[in-house]
Amino acid sequence: MSSDPAPHATTPAFDTAAGCRLLLVRHAKAVPKHVAEDFERSLNDRGRAEAPQTGRWLAAAGFEPRLVLCSPARRTRQTWQLIAPALPDVPPAVYDDRLYDAAPTTLATVLGERAAGVSPLMLVGHNTGIHELATALCGSGPPKLLDRLRDGLPTAGVVVVDLPRGWDGLTESEGHLTAFWAPSRGQSPEPRPGCDPDTDRQY
């Protein structure tokens, strides 16, 4: 377990009465499983293009984490390292061994231990666990986004979940799906003019 320092980042005190925000990010596209041992799989060319798009979208939409929890696998580390330069203030990142290929219950446990007093918080992880956590948490939200989320979480995709009860609300259906975005070929990472960046999502 390790962390990356971020000397320019700030982590302001969090008002628990206002709820909290969770940014769930699936790692970008990686090389196939037969190329390397799973933990050491790196991003492929598509993944190296996807991850910076995700960073630019997060910055343009105003979803800026104050802390990042990241699986220590090579592909998740690389995804975060390519997202970070697009953010106005790069937050500290913690690499927790338990997040590697973790089940949703394990992800929720790590969040419960590390998220207190911090919002927004980003979790960079793997399918199927991160998708299952997102679908389990999101009990409300725009119906079209909820349907798309149930269909799957693409590589380098972002699910923004608001928890009205704060981190105590990390239980099934307690979250609100605020945004869902993933890069696609030919799509700009910038929110489209005239659209609400919190609700208008395509991939």
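Positions are given from 1 along the sequence.
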J.: For a 4.5 angstrom cut-off between non-hydrogen side-chain atoms, does S71 reach D101?
T.: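 Contact flag for S71/D101 side chains = no.
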
J.: If you define the side chain from C-beta out and look only at heavy atoms, does anything of L82 sit under 4.5 Å from L43?
T.: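 The answer is yes, as the side chains (C-beta and beyond) meet within the 4.5 Å cut-off.
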
J.: Can you give me the closest heavy-atom contact between G166 and C20, atom names plus distance?
T.: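 Closest approach of G166 to C20: C-SG, 3.3 Å.
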
J.: CG of L146 to OG of S140: how many Å apart, nearest 0.5 Å?
T.: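 Rounded to the nearest 0.5 Å, the CG-OG separation comes to 7.5 Å.
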
J.: Tell me if a side-chain donor or acceptor on T76 pairs with a main-chain N or O of V124 at a distance below 3.5 Å.
T.: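 The answer is no, because no donor-acceptor pair under 3.5 Å joins these two groups.
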
J.: Would you call L22 and W167 a side-chain contact if the rule is heavy atoms closer than 4.5 Å?
T.: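 Yes; the side chains approach each other to less than 4.5 Å.
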
J.: Does this structure show an ion pair linking D151 with R148, if we count only N-O contacts that are shorter than 4.0 Å?
T.: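 Answer for the salt bridge query: no.
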
J.: Which heavy atom of P72 sits nearest to which heavy atom of D96, and what is that distance?
T.: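 The answer is CD-O, 3.2 Å.
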
J.: Closer than 3.5 angstrom, by distance alone: can the side chain of R75 be matched with the main-chain N or O of D38 as a donor-acceptor pair?
T.: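 At least one qualifying donor-acceptor pair exists.
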
J.: Rounded to the nearest 0.5 Å, how far does CD of Q81 lie from CZ of R74?
T.: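 Reported to 0.5 Å precision, the distance equals 10.5 Å.
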
J.: Show your working on side chain to side chain contact (heavy atoms under 4.5 Å, CB included) between W181 and L58 and close with a plain yes or no.
T.: CA-CA 9 Å; W181 181 91; L58 287 164; over 6 Å; no

J.: Quick check: do P91 and L67 have side-chain heavy atoms less than 4.5 Å from each other?
T.: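 Side-chain contact under 4.5 Å: no.
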
J.: Can you name the nearest heavy-atom pair linking A86 to A59, along with the distance?
T.: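 Scanning both residues completely, I find the closest heavy atoms to be O-CB, 3.3 Å.
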
J.: Hey, what do you get for CZ (R41) to CD (Q78), rounding to the nearest 0.5 Å?
T.: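 Rounded to the nearest 0.5 Å, the CZ-CD separation comes to 11.5 Å.
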
J.: Once you round to the nearest 0.5 Å, how far does NZ of K29 lie from OG1 of T79?
T.: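 So the gap between those two atoms works out to 12.0 Å.
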
J.: Which residue pairs satisfy the salt bridge (charged side-chain N to carboxylate O under 4.0 Å, His left out) criterion with at least one member in residues 166-176, sequence neighbours excluded?
T.: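 Found R165-E174.
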
J.: Evaluate the criterion side chain to side chain contact (heavy atoms under 4.5 Å, CB included) for residue pair F63 and M122; output intermediate values, then yes/no.
T.: CA-CA 10 Å; F63 296 126; M122 177 188 288; over 6 Å; no

J.: Mind running salt bridge (Lys or Arg N to Asp or Glu O under 4.0 Å) on D147 and K144 for me, showing each step along the way?
T.: CA-CA 5 Å; D147 286 343; K144 288 184 179 179; over 6 Å; no

J.: Is any side-chain heavy atom of R66 closer than 4.5 Å to a side-chain heavy atom of P120?
T.: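 Yes. Closest side-chain heavy atoms under 4.5 Å.
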
J.: Would you mind telling me which of V25, L23, L99 makes a side chain to side chain contact (heavy atoms under 4.5 Å, CB included) with L123?
T.: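 For L123, the side chain to side chain contact (heavy atoms under 4.5 Å, CB included) check succeeds only for L99.
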
J.: Under the side chain to side chain contact (heavy atoms under 4.5 Å, CB included) rule, what do D162 and T178 come out as? Steps first, then yes or no, please.
T.: CA-CA 6 Å; D162 284 334; T178 297; 2.7 Å; yes

J.: Would you say that L24 contacts I130 through its side chain, given a criterion of any heavy-atom pair below 4.5 Å between the two side chains?
T.: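 When only atoms from C-beta onward are counted, I130 and L24 do touch, with a gap below 4.5 Å.
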
J.: Which ring pair (Phe, Tyr, Trp, His ring centres under 6.0 Å) pairs, counting each pair once, include a residue from residues 102-146, with sequence neighbours left out?
T.: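 Applying ring pair (Phe, Tyr, Trp, His ring centres under 6.0 Å) to every pair that reaches into residues 102-146, excluding sequence neighbours, yields H27-H126, Y100-H126.
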
J.: State the CG-CG distance between L121 and L69, to the nearest 0.5 angstrom.
T.: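 CG of L69 is found 4.5 Å from CG of L121.
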
J.: Could you walk me through whether W80 and V90 pass the side chain to side chain contact (heavy atoms under 4.5 Å, CB included) test, one step at a time?
T.: CA-CA 10 Å; W80 164 238; V90 179; 4.0 Å; yes

J.: Give me the one residue out of T155, V35, V31 that meets side chain to side chain contact (heavy atoms under 4.5 Å, CB included) with N44.
T.: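 Exactly one candidate clears the test, V31.
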
J.: Quick one: CG on L153 to OG1 on T135, what's the gap to the nearest 0.5 Å?
T.: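 The CG atom of L153 sits 9.5 Å away from the OG1 atom of T135.
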
J.: Find out whether F180 and P154 are in side-chain contact, i.e. whether some heavy atom of one side chain is under 4.5 Å from a heavy atom of the other.
T.: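 Of all side-chain heavy-atom pairs linking P154 with F180, at least one is under 4.5 Å.
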
J.: Which heavy atom in A179 sits nearest to a heavy atom in L145, and how many Å separate them?
T.: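 So the minimum-distance heavy-atom pair works out to CA-CD1, 4.3 Å.
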
